[in-house]
Amino acid sequence: MSEAAIVHEYNVARVPDCLTDEEAALVEPTAVAVYACDRGGVSAGNSVLVTGAGPIGLLTLLAARAAGATTLFVSDINDARLRFAEEAVLGVIPINPTRENVGDVIRDQTEGKVGCDVAIECVGNEHALKACVDAVRKQGVVVQTGLHPHENPLDWFSVTFKDIEVRGSWAYPTWYWPRVMNLIASGALPAGRAVTNRITLDTAVKDGFDALLDPAGTNLKILIDLAA
């Protein structure tokens, strides 16, 4: 049993001394965001839509900015999360789909009114995915990161007519961690901005799980301080 429990050296990524414990705790979700941007081919000067201003959505915005994206849009039905995204990611353009049409807003604010280069769905919501297909330009890329609980009917005519690519993004390759840690440690990807609260283990249910289950809540990423 002890042999089965031992972690092999090739499964371990050493945390750099310059990375705090809190930053190290964010490496795993940040790797999801970095991989999503890689799958979308996000590069310098791109315009990017991220649907969902939750922790993965916010980290994806930060990863897109680190990759060189200059125009960032984020959509969410929670205004508190949109405000937090505005504070955490300088210059991001917030969109609440209950009041605005996501595609119209993006076309109005992209060069030539053609739509964004890349759209990354971080919710697992069929309306959000459809908004991505609508908002992306011709020959753009849609990346599906959020997990859908059921089948999602997509407008495949638009996919074909616009000549776009729809790509899945499952977690991240295991060798991403050193790269992600370097991105965080260098300051290029300030993942700590996604943390909205720090709690103790004895309050984990009330101040952690219950707080995150609140659909109108203001928290994104809550960390448990085991040393407190």
Side-chain angles (χ1 to χ4, degrees), residues 19-40 42 48-67 69 72-97 118-125 128-129 131-132 143-149 168-172 176-177 179-181 183-185 187-199 201 203-226:
L19 213 65
T20 67
D21 289 345
E22 181 172 297
E23 289 172 326
L26 296 168
V27 171
E28 194 277 337
T30 305
V32 174
V34 172
Y35 184 54
C37 289
D38 285 354
R39 289 288 289 151
V42 178
V48 178
L49 162 67
V50 174
T51 57
I56 296 299
L58 181 61
L59 290 169
T60 301
L61 288 169
L62 292 169
R65 178 58 54 77
L72 295 175
F73 303 91
V74 61
S75 67
D76 202 292
I77 61 173
N78 185 321
D79 284 326
R81 288 191 167 189
L82 289 176
R83 287 192 295 270
F84 186 79
E86 286 184 276
E87 296 171 0
V89 187
L90 185 65
V92 69
I93 300 169
I95 308 169
N96 188 319
V118 181
I120 305 176
E121 206 285 282
C122 296
V123 184
N125 177 280
L129 179 56
C132 286
V143 178
Q144 182 58 49
T145 300
L147 300 179
H148 285 256
S169 180
W170 178 256
Y172 47 82
Y176 261 48
W177 283 33
R179 174 186 168 200
V180 172
M181 286 189 283
L183 279 168
I184 296 174
L189 205 170
R193 294 182 186 177
V195 179
T196 53
N197 198 10
R198 297 155 185 84
I199 61 176
L201 185 59
T203 64
V205 174
K206 175 178 174 293
D207 296 334
F209 291 102
D210 290 346
L212 291 174
L213 286 172
D214 181 2
T218 58
N219 278 293
L220 292 184
K221 195 72 175 174
I222 299 175
L223 294 184
I224 300 173
D225 185 354
L226 297 177

If you round to the nearest 0.5 Å, how far is CG of Leu62 from CG of Leu183? 11.0 Å
Minimum-distance pair of heavy atoms, taken over all atoms of Arg39 and Ser169: CG-OG, 3.9 Å
Roughly how far, to the nearest 0.5 Å, is CD of Glu86 from CG of Asp79? 9.5 Å
Counting only heavy atoms from other residues, nucleotides and ligands, does the tally under 6.0 Å from CD1 of Ile77 exceed 12? no
Which heavy atom of Val74 sits nearest a heavy atom of Ala85, and at what distance? CG1-CB, 4.2 Å
Any residue meeting salt bridge (Lys or Arg N to Asp or Glu O under 4.0 Å) with Asp207, in chain and number order, not counting sequence neighbours: none
Correct closest heavy-atom pair for Ala204 and Ile224 would be CB-CD1, 3.9 Å
Distance from Arg193 atom CZ to Leu220 atom CG, nearest 0.5 Å? 13.5 Å
Rounding to 0.5 Å, atoms CZ (Arg179) and OG1 (Thr30) come to a distance of 12.0 Å
Minimum heavy-atom distance between Val50 and Cys122, given as atom pair plus value: CG1-SG, 3.9 Å
Show the numbers, then the answer: is there a side-chain contact (heavy atoms from CB on, under 4.5 Å) between Val27 and Ile184? CA-CA 8 Å; Val27 171; Ile184 296 174; 4.2 Å; yes
Would you indicate whether Leu90, at its atom CG, is surrounded by more than 12 heavy atoms from other residues, nucleotides or ligands within a distance under 6.0 Å? no
Does some side-chain heavy atom of Ile199 sit less than 4.5 Å from a side-chain heavy atom of Ile222? yes
For the atom pair NE2 (His148) and CD (Glu121), what is the distance rounded to the nearest 0.5 Å? 4.5 Å
For Val48 against Ala69, the heavy-atom pair lying closest together: CG2-CB, 3.9 Å
Distance to the ring centre below 6.0 angstrom and angle to the axis at most 45 degrees; does that hold for Arg81 and Phe84? no
Verdict with reasoning, Val180 to Tyr172, per side-chain contact (heavy atoms from CB on, under 4.5 Å): CA-CA 11 Å; Val180 172; Tyr172 47 82; over 6 Å; no
Would you sort out whether Val195 and Leu26 count as a side-chain contact (heavy atoms from CB on, under 4.5 Å), showing the intermediate values? CA-CA 9 Å; Val195 179; Leu26 296 168; 3.8 Å; yes
So CG of Leu49 and CG of Leu61: to nearest 0.5 Å the spacing works out to 9.0 Å
Which heavy-atom pair separates Thr60 from Cys37 by the least distance, and what is that distance? O-SG, 3.7 Å
Looking at Asp21, I'd like to know if its CG atom is crowded, meaning that more than 12 non-hydrogen atoms belonging to other residues, nucleotides or ligands lie closer than 6.0 Å. no
Main-chain N/O of Glu23 paired to Thr20 side chain as donor or acceptor, under 3.5 Å: yes
